[in-house]
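Heads up, the thing below is written out as structure tokens.
Note that the structure is predicted; figures quoted are calculated from it, not measured. Nothing fancy with the numbering, it's 1 onward along the sequence.
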Amino acid sequence: MKNDHEKNEKVGLSGKIAKAFIDSKLTPLLVIAVLLLGLFAVLNTPREEEPQISVPMVDVYIAYPGHTAEDIENRITKVMEKKLWEIDGIEYIYSTSTPGMANFITRFEVGSDLDQSLVRLYNILMSNIDELPEGAMEPLVKPITIDDVPIVSY
């Protein structure tokens with residue numbers, strides 16, 4: 001027997017749907033069907049123990065000994081960063097200027113070929129080497145793969 005409070009309570013859309021499923025004989029069948037579909041999906045989803053992802057990253061170091069970080073930022077970092085953005089497939093460029101050194105971390109789009117990315121990077125760096133101030137060293141390029149990044153360290 002329902003009391004007066006339950007009779008006067010308004011039921012929204014979700015309440016009406018819940019009431020329909022509480023007493024329905026189809027509810028257990030729907031639950032079993034959904035569980036079987038989930039089990040089927042888990043068993044048939046392909047899995048690879050060590051998936052290979054290609055995320056080419058390249059560190060570029062340009063030494064300019066004896067100069068301040070501000071001088072390096074104005075004469076090397078800003079100039080070369082604009083040139084690096086011209087490379088197709090670059091997703092991010094992180095640059096830092098420290099006394100005596102400019103550092104660029106270039107990350108290419110996921111799935112890019114490392115060799116092709118390096119060729120494009122070298123092409124831009126070497127064709128714009130005349131933009132570097134006198135006394136700056138030739139760029140040092142170090143490719144980084146996903147295997148070079150430590151996952152767990154003790």
Side-chain angles (χ1 to χ4, degrees), residues 10-18 20-21 26-154:
K10 292 184 180 180
V11 178
L13 178 64
S14 60
K16 290 178 185 176
I17 293 172
F21 278 96
L26 289 177
T27 302
L29 291 174
L30 286 173
V31 169
I32 291 170
V34 168
L35 287 173
L36 288 175
L37 282 173
L39 182 64
F40 176 77
V42 167
L43 293 175
N44 289 320
T45 301
R47 289 177 294 285
E48 191 174 328
E49 214 168 288
E50 293 183 28
Q52 297 300 313
I53 332 172
S54 174
V55 186
M57 289 178 44
V58 181
D59 285 348
V60 179
Y61 302 97
I62 302 176
Y64 194 29
H67 291 83
T68 65
E70 185 178 326
D71 190 29
I72 289 174
E73 180 180 1
N74 293 327
R75 298 179 75 184
I76 296 177
T77 306
K78 288 181 181 178
V79 173
M80 293 310 285
E81 193 172 303
K82 288 178 187 174
K83 298 297 181 184
L84 290 174
W85 275 116
E86 295 175 6
I87 301 171
D88 288 335
I90 290 267
E91 192 169 354
Y92 294 108
I93 297 176
Y94 304 101
S95 59
T96 56
S97 301
T98 57
M101 179 78 68
N103 180 22
F104 304 92
I105 301 171
T106 57
R107 191 174 97 189
F108 291 84
E109 294 172 350
V110 175
S112 298
D113 181 49
L114 178 62
D115 294 333
Q116 289 296 319
S117 302
L118 280 171
V119 167
R120 290 193 301 263
L121 182 74
Y122 270 111
N123 187 30
I124 288 291
L125 285 173
M126 294 305 138
S127 63
N128 291 292
I129 203 161
D130 59 330
E131 300 281 332
L132 295 176
E134 190 174 324
M137 306 294 233
E138 188 172 310
L140 172 65
V141 177
K142 290 186 137 196
I144 300 173
T145 63
I146 197 80
D147 297 327
D148 296 333
V149 179
I151 305 283
V152 178
S153 59
Y154 293 95

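For the residue pair Thr77 / Ser97, a side-chain donor-acceptor distance below 3.5 Å is found, with atom types taken as modelled.
In this structure, the side chains of Leu37 and Val34 stay at 4.5 Å or more apart for every pair of heavy atoms. Residues Trp85 and Ile93 form a side-chain contact, since some pair of their non-hydrogen atoms from C-beta on lies under 4.5 Å apart. Taking 4.5 Å as the limit, some side-chain heavy atom of Phe104 sits within range of a side-chain heavy atom of Ile62. Within the 4.5 Å cutoff, side-chain heavy atoms of Val141 are placed close to those of Leu125. The shortest side-chain heavy-atom distance between Leu118 and Val58 falls under the 4.5 Å cut-off. Pro139 places a side-chain heavy atom less than 4.5 Å from the side chain of Met126.
No donor-acceptor pair closer than 3.5 Å links the side chain of Arg107 to the backbone N or O of Ile105.
Here CG of Leu121 is found 5.0 Å from CZ of Phe108. Values are rounded to the nearest 0.5 Å. Taken from CE in Met80 to CD1 in Ile129, the straight-line distance is 7.5 Å, to the nearest 0.5 Å. Here the straight-line distance linking atom NZ of Lys83 with atom CD1 of Ile124 works out to 8.0 Å at 0.5 Å rounding. Distance check: Ile144 CD1 to Thr106 OG1 gives 8.5 Å after rounding to the nearest 0.5 Å. Here OG of Ser95 is found 12.0 Å from CD1 of Ile76. Values are rounded to the nearest 0.5 Å. Here OG1 of Thr27 is found 11.0 Å from CD1 of Ile32. Values are rounded to the nearest 0.5 Å.
Scanning for side-chain hydrogen bond (donor to acceptor under 3.5 Å, both in side chains) contacts around Arg120 gives an empty result, with sequence neighbours left out. Legend: residues meeting side-chain contact (heavy atoms from CB on, under 4.5 Å) with Val79, ordered by chain and number and at least two apart, are Glu131.
Minimum interatomic distance between Pro56 and Ser112 (heavy atoms only, all atoms of both residues): CG-O, 3.2 Å. Between Asn123 and Ser127, the closest heavy-atom pair is O-OG, 2.7 Å.
Within a 6.0 Å sphere centred on CE of Met137, other residues, nucleotides and ligands contribute 12 heavy atoms or fewer.
A salt bridge (charged side-chain N to carboxylate O under 4.0 Å, His left out) check over residues 60-79, counting only residues at least two apart or in different chains, returns the pairs Asp71-Arg75.
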